Protein chains: 2
Amino acid sequence: MCIAGGRIQELRGTGRLTTGVMTPASPTNEVRAHEHLFFEGDARDHIYIVESGWVKLYRTLIDGQRQIVGFANGGSVLGVEADTLHLNSCEAITDVTMRSIPASRLNGICRSDPALAEQVLRQIGRQLGAAQAQLATIGAQSAEQKLATFLLTIADLCEESLDREFDLPMRRGDMAEFLGLRLETVSRKMTEFQRRGWIKLTSLYHCRLLQRHVLEHLAQGGEADGAQMLQTG
Amino acid sequence: MCIAGGRIQELRGTGRLTTGVMTPASPTNEVRAHEHLFFEGDARDHIYIVESGWVKLYRTLIDGQRQIVGFANGGSVLGVEADTLHLNSCEAITDVTMRSIPASRLNGICRSDPALAEQVLRQIGRQLGAAQAQLATIGAQSAEQKLATFLLTIADLCEESLDREFDLPMRRGDMAEFLGLRLETVSRKMTEFQRRGWIKLTSLYHCRLLQRHVLEHLAQGGEADGAQMLQTG
DNA sequence: CGCGCGGTTGATCAACCTCAACCCGCGTGG
DNA sequence: CCACGCGGGTTGAGGTTGATCAACCGCGCG
């Protein structure tokens, strides 16, 4: 099913942690768009579970280059990769609500709250798989293929709503930093996709898939100029 | 400490699961170099814990491109990213011994074996951090920087033994597929590193670091031609 | 109005890929 | 013993992709 053309599974809403699992006392925090939940190097005194909204996780190299290592929405667990210090920075890209769990409660969590522990375990496994899929995308695909993969992922995410139409919750620069490209390249490819009739951008942040099969072919490693896809052009 | 120039922490031997944690009944399997433990798409009826030796985890795109998503040695847990089917193929690159845990025992593992469960939790967190570090390397660094990062990672791994001297347990092609490069590029950069006096290859699979600080500078995003590093040349 | 931010577009360039030849060590078999 | 092929690696020439640098657009806002 999900072969190596891999989608970013952490973007999916499936398997999310239900609030019912949480102990009633877990506090709910709210964070506004563009605020940071934590920075790389901060002490990790909590882990967080996103309830609604979107955040981006990223790392910064000393030369200023950034790499977004994941986007996360409802159900995702943040901060589990860290031991004592956060390894990523985390910034809300929309308004966000989340629950926080003190790091101290992680010790012995299996005994104290086995249901939560197993949910967390499953969720980390999912995130690991997503990170690996993203490795395959960044490491082995062309700019065109990366963008096709990315758009399909976001589209799948929103297929609960109107088919083939969805919001892109991040800017061009975020997409570029996620895919290991420059924002100019993302911009060029987006317009190219549109010019070829594969997608339609109704606004900068809203997209409609016109030729989903072409994108799927690309995302799985196919060429853009195959004759078999011109039949519908 | 480990800022974004990120090393592949899963390569480190630290934090490995001790056999004492395992229930005595866990069977030990042996696998010879170049044999597969499992393939992408196989049913995941076990997870595995590596005891000794090295394996590579990889995904294959339909056009034949491969991406190695991680190398694993003693202490690593394999198969946790999967739900019902393995998402990666896993091949031994040296002779390997490992223990297997039936997938059925994962349900309720927190109750039945909380010590093991928490070790697995920590280990997956580590692997997730490693995958994210690798994302930053692949997505945001040049070929030169990627190779410097990679060599330092392997070197750190072996710093238990003779300082600055270590084995590369994989071939050029594996390094390339891990770093998102072509093997010709890896080969070229390796000889270039050697020509510049940064490393010395005593054999194809044995390396000695002569100018560790130069590699560190590169790995953190620095330039190769800075004057400040020629003082020791 | 002027400015800044985010995005688009164009021209140029270099890093890396591609394809091909070649080297070397090794095992095999005539 | 040598010829041969093979796997893994290195090296070279040339092409392409995507980065770089710069100009420009549209919009919102002080």
Side-chain angles (χ1 to χ4, degrees), chain A residues 33-34 56 61 63-67 91 93-94 137-150 167-196 199-207 218 221 223-225, chain B residues 33-34 56 61 63-67 91 93-94 137-148 150 167-196 199-207 218 221-225:
Chain A
H34 309 302
K56 64 179 179 189
L61 282 66
D63 61 351
Q65 285 256 83
R66 285 192 306 174
Q67 176 68 41
E91 180 186 330
I93 58 180
T94 66
T137 299
I138 287 186
Q141 301 203 141
S142 69
E144 207 159 64
Q145 293 169 333
K146 288 178 185 178
L147 196 56
T149 303
F150 179 75
D167 287 312
L168 292 166
M170 65 289 295
R171 5 179 183 298
R172 298 287 181 272
D174 289 327
M175 295 167 55
E177 285 177 357
F178 184 56
L179 296 173
L181 299 170
R182 299 287 128 169
L183 66 104
E184 294 97 323
T185 305
V186 170
S187 177
R188 269 183 250 274
K189 288 297 173 189
M190 289 285 277
T191 30
E192 186 183 329
F193 280 19
Q194 198 169 200
R195 184 170 47 71
R196 296 196 185 193
I199 63 173
K200 171 74 184 166
L201 290 170
T202 61
S203 89
L204 267 180
Y205 303 105
H206 194 80
C207 181
L218 275 176
E223 299 295 322
D225 47 272
Chain B
H34 307 303
K56 64 180 179 189
L61 282 67
D63 61 352
Q65 285 256 85
R66 285 192 306 173
Q67 176 69 39
E91 180 186 332
I93 59 179
T94 65
T137 298
I138 288 186
Q141 302 203 143
S142 68
E144 207 159 64
Q145 294 169 334
K146 288 179 185 179
L147 195 56
F150 180 75
D167 287 312
L168 293 165
M170 65 290 292
R171 8 179 180 298
R172 297 288 181 271
D174 290 326
M175 294 166 55
E177 285 177 359
F178 185 56
L179 296 173
L181 299 170
R182 298 288 128 172
L183 72 120
E184 294 97 324
T185 305
V186 170
S187 177
R188 270 183 251 272
K189 289 296 174 190
M190 289 285 276
T191 31
E192 186 183 329
F193 280 18
Q194 199 169 202
R195 184 171 48 70
R196 297 197 186 192
I199 62 173
K200 171 74 184 165
L201 291 170
T202 60
S203 89
L204 267 180
Y205 301 107
H206 194 80
C207 180
L218 275 175
E223 299 295 323
D225 47 274

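Basis for what follows: all heavy atoms, side chains included, without hydrogens, waters or symmetry-related copies. Since we're looking at a predicted model, the values are computed, not measured.
Protein atom CE of B/Met175 is 15 Å distant from nucleotide atom P of D/dG8, rounded to whole Å. When rounded to the nearest whole Å, the span between CG of A/Leu183 and P of D/dC21 equals 13 Å. Whole-Å rounding puts the B/Leu147 CG to D/dT10 C1' distance at 15 Å. Distance, B/Glu184 CD to C/dA15 C1': 14 Å, rounded to whole Å. One interatomic measurement links the two molecules: CD1 of B/Ile93 to C1' of D/dG8, which rounds to 16 Å at whole-angstrom precision. If you take CD of A/Gln65 and C1' of D/dT20, they are 12 Å apart, rounded to a whole angstrom. For the pair A/Glu192 CD and C/dT8 C1', the computed distance is 14 Å after rounding to whole Å. In this structure, CD1 of B/Ile138 is placed 15 Å from C1' of C/dC16, rounded to the nearest angstrom.
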Would you check, one step at a time, whether the test side-chain contact (heavy atoms from CB on, under 4.5 Å) holds for B/Arg172 with B/Leu204? CA-CA 9 Å; B/Arg172 297 288 181 271; B/Leu204 267 180; 3.3 Å; yes

I'd like to know whether B/Phe193 forms a side-chain contact (heavy atoms from CB on, under 4.5 Å) with B/Glu144, so could you lay out the CA-CA distance, the side-chain angles of the two residues, the decisive distance to 0.1 Å, and finally the verdict. CA-CA 9 Å; B/Phe193 280 18; B/Glu144 207 159 64; 3.6 Å; yes

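The closest donor-acceptor contact from the side chain of A/Gln194 to the backbone of A/Leu201 lies under 3.5 Å. At least one donor-acceptor pair under 3.5 Å links the side chain of A/Thr149 to the backbone N or O of A/Gln145.
A/Leu181 approaches A/Ala143 most closely through the heavy-atom pair CD2-CB, 3.9 Å. Across all their heavy atoms, B/Asp167 and B/Pro169 have their closest contact at O-CD, 3.3 Å.
The side-chain heavy atoms of B/Val186 and B/Phe150, taken from C-beta on, include no pair separated by under 4.5 Å.
Phosphate contact (OP1/OP2 of D/dG8, side-chain N/O of B/Tyr205, threshold under 4.0 Å): absent.
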Heavy atoms under 4.0 Å is the rule here; annotate nucleotides 23-30 of chain D 5' to 3' with B where the base is hit, S where only the sugar-phosphate is, and - elsewhere. --------

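In this structure A/Arg182 satisfies the side-chain contact (heavy atoms from CB on, under 4.5 Å) test together with A/Gln65, A/Glu184, A/Thr185, sequence neighbours excluded.
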What pairs of nitrogen or oxygen atoms, one from the protein and one from nucleotides 13-18 of chain D, lie under 3.5 Å apart?
{"residue": "D/dG18", "atom": "OP1", "partner": "A/Ala143", "partner atom": "N", "Å": "2.7"}

